[in-house]
Amino acid sequence: MLLGFVRALRAAGVDASTERAYAFLRAVDVLRPDVRADVYGAGRATLCGGHDDLERYERVFAAYFGPSDEPARQAVRHAPPPRLRLVVRDAPAGGRAPDESEPSGPPTAALASATEVLRHRDVGELDAAERAQLNRLLAAFALSGQTRRSARRRPARRGAVDPRRTVRELLRRGGEPARLRRHARVQRPRRIVLLVDVSGSMAPYADALLRFAHAAVRGGRTEVFTIGTRLTRVTRELSHRDPDLAMAALAQAVPDWRGGTRLGELLREFLNRWGQRGMARGAVVVLLSDGWERDDPELLGTQMRRLHGLAHRVVWANPRKARPGYAPLAAGMAAALPSVDDFVEGHSLAALERLAAVVRGAEAERVPVVRVRGAERA
């Protein structure tokens, strides 16, 4: 349960390393694991590495452990009673016997356990209450691209000698020997381009995937397009800070909800209008679709080869991939796979966390993905 909270923090952009996670577990063990305030204080002291992490920590803690009537920093002698929703869901069908005692264990742990189970549930099978909880967790997401070295340089202790700054230092000293000034390349995240399928076959997953895209836009350097029967750029609509306002604006801007799918034609339109001109060059392009293609799949294969030549990395997230016995037999999916670098799942919150790690290039996290390169797919 506590490690699941650490994973949620990492997905939100908090640098919760393995050492910090171990310190968090030790702190909770020393304090009272059944008290919400102690868990909050232990995590805030050990998992946050700077001021920027505090706001993300507050959001993730409230979404993961649920809202609290009392301030989280205040010590609580007795844990609040469990929510009726959790008790009813976990109760046996026949009801509780009169002499049966109340369930033991802190409500915080019960709620967090339910959240951990929710992370692995298929989005298309959630009820209204579970979708509301999922939306709160998605609102705490953060998505950043793999870093690259830019042409700009900044002063640094190590690196190549900066001749201009070195000469200026010599002139200030009247020609006396001075310390060599050095500079290094600036590391910047790559641009992320999300192509979200909003056709009828993707209807159970479209809302969650677009909320995931909203969190990515909030992080900066992200462009989002919806694909169905039309190609619509929705980056501006998703720039609203409030997720519900962003989704309302997006609903007004997208005219082809629950329609057909023209992946090849719309991918060609994207490349001709935006991608070839620079948006896809050196970027991480993510397609969130089940791969159903209404038009000629050969066109999709041709455009995917164009995209693969422009982008730094092409990732395809398919919600249907998690189903038992799945095989990429759809004509569109089979035509696109040879030009895909990473083929991942996209059906649950945990799958979206793994997708975020793939986009970030976090090889150290050992993300379980299927890498596809030409003949290696066989």
Side-chain angles (χ1 to χ4, degrees), residues 1-87 89-90 102-121 130 132-144 215 218-219 348-350 352-354 356-357 360 362 364-367:
M1 180 258 299
L2 296 177
L3 289 178
F5 174 57
V6 174
R7 286 194 295 267
L9 285 174
R10 290 173 180 168
V14 177
D15 186 17
S17 62
T18 304
E19 291 78 7
R20 290 179 180 173
Y22 180 65
F24 170 56
L25 296 179
R26 292 185 61 188
V28 172
D29 184 58
V30 171
L31 299 173
R32 296 169 295 178
D34 59 338
V35 177
R36 178 190 179 92
D38 286 3
V39 176
Y40 171 87
R44 195 173 190 271
T46 56
L47 298 174
C48 297
H51 182 73
D52 295 338
D53 292 341
L54 297 179
E55 181 182 356
R56 299 190 184 101
Y57 181 83
E58 299 284 350
R59 287 202 315 268
V60 176
F61 189 89
Y64 194 85
F65 292 101
S68 176
D69 296 334
E70 301 182 11
R73 294 184 179 87
Q74 182 180 354
V76 181
R77 293 296 180 183
H78 301 283
R83 293 181 174 183
L84 180 61
R85 177 174 63 86
L86 290 175
V87 173
R89 184 189 306 167
D90 296 336
E102 291 293 327
S104 59
T108 297
L111 181 59
S113 300
T115 304
E116 183 65 16
V117 172
L118 179 64
R119 290 180 60 253
H120 300 276
R121 289 281 305 279
E130 291 169 335
Q133 178 70 6
L134 175 68
N135 293 342
R136 288 193 294 269
L137 291 170
L138 286 173
F141 244 77
L143 185 65
S144 58
R218 192 177 60 240
S348 66
L349 180 63
L352 293 178
E353 291 175 357
R354 291 193 292 268
R360 194 168 56 246
E365 297 184 13
R366 299 180 182 178
V367 182

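Note that the numbering runs from 1 along the sequence shown for the chain.
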Go through the structure and list residues passing side chain to side chain donor-acceptor pair (under 3.5 Å) with Asn135, not counting sequence neighbours.
Arg211
Quick one: CG on Leu2 to CG on Leu47, what's the gap to the nearest 0.5 Å?
9.5 Å
I want to check something: taking the side chain as every heavy atom from C-beta on, are Leu3 and Leu25 in contact at a cut-off of under 4.5 Å?
yes
Heavy-atom closest pair, residues Ala27 and Thr46:
CB-CG2, 4.4 Å
Mind checking whether Phe61 and Val39 have side chains closer than 4.5 Å, heavy atoms only?
yes
For Ala215 against Leu138, the heavy-atom pair lying closest together:
CB-O, 3.6 Å
Arg10 versus Ala21, closest heavy-atom pair with distance
NH2-CB, 4.5 Å
On the 0 to 90° scale, with breaks at 30° and 60°, tag the Phe5-Tyr57 ring pair as parallel, tilted or perpendicular.
perpendicular
Can you find a heavy atom in the side chain of Glu19 that is under 4.5 Å from one in the side chain of Phe24?
no
Ignoring hydrogens, what is the shortest heavy-atom contact between Val60 and Ala8? Give both atom names and the distance.
CG1-CB, 3.8 Å
Taken to the nearest 0.5 Å, the spacing of Leu349 CG from Arg354 CZ works out to 10.0 Å
Without hydrogens or angle criteria, can the side chains of Tyr64 and Gln133 be said to hold a donor-acceptor pair below 3.5 Å?
no
Salt-bridged, Asp29 to Arg26, with N to O below 4.0 Å?
no
Beyond-backbone contact of Val28 with Asp38, side-chain heavy atoms, under 4.5 angstrom
no
Does any part of the side chain of Leu54, heavy atoms only, come nearer than 4.5 Å to the side chain of Arg44, both counted from C-beta?
yes
Nearest heavy-atom contact between Leu118 and Leu134 is CD2-N, 4.0 Å
Closest heavy-atom contact between Arg20 and Asp15?
NH1-O, 2.7 Å
For Arg119, all residues meeting salt bridge (charged side-chain N to carboxylate O under 4.0 Å, His left out), sequence neighbours excluded
Glu116, Glu353
Only counting residues at least two apart or in another chain, list the ones meeting ring pair (Phe, Tyr, Trp, His ring centres under 6.0 Å) with Phe141.
Phe212
With sequence neighbours excluded, tell me which residues meet salt bridge (charged side-chain N to carboxylate O under 4.0 Å, His left out) with Arg121.
Glu130
Under the salt bridge (charged side-chain N to carboxylate O under 4.0 Å, His left out) rule, collect the residues that match up with Arg59, sequence neighbours excluded.
Glu55
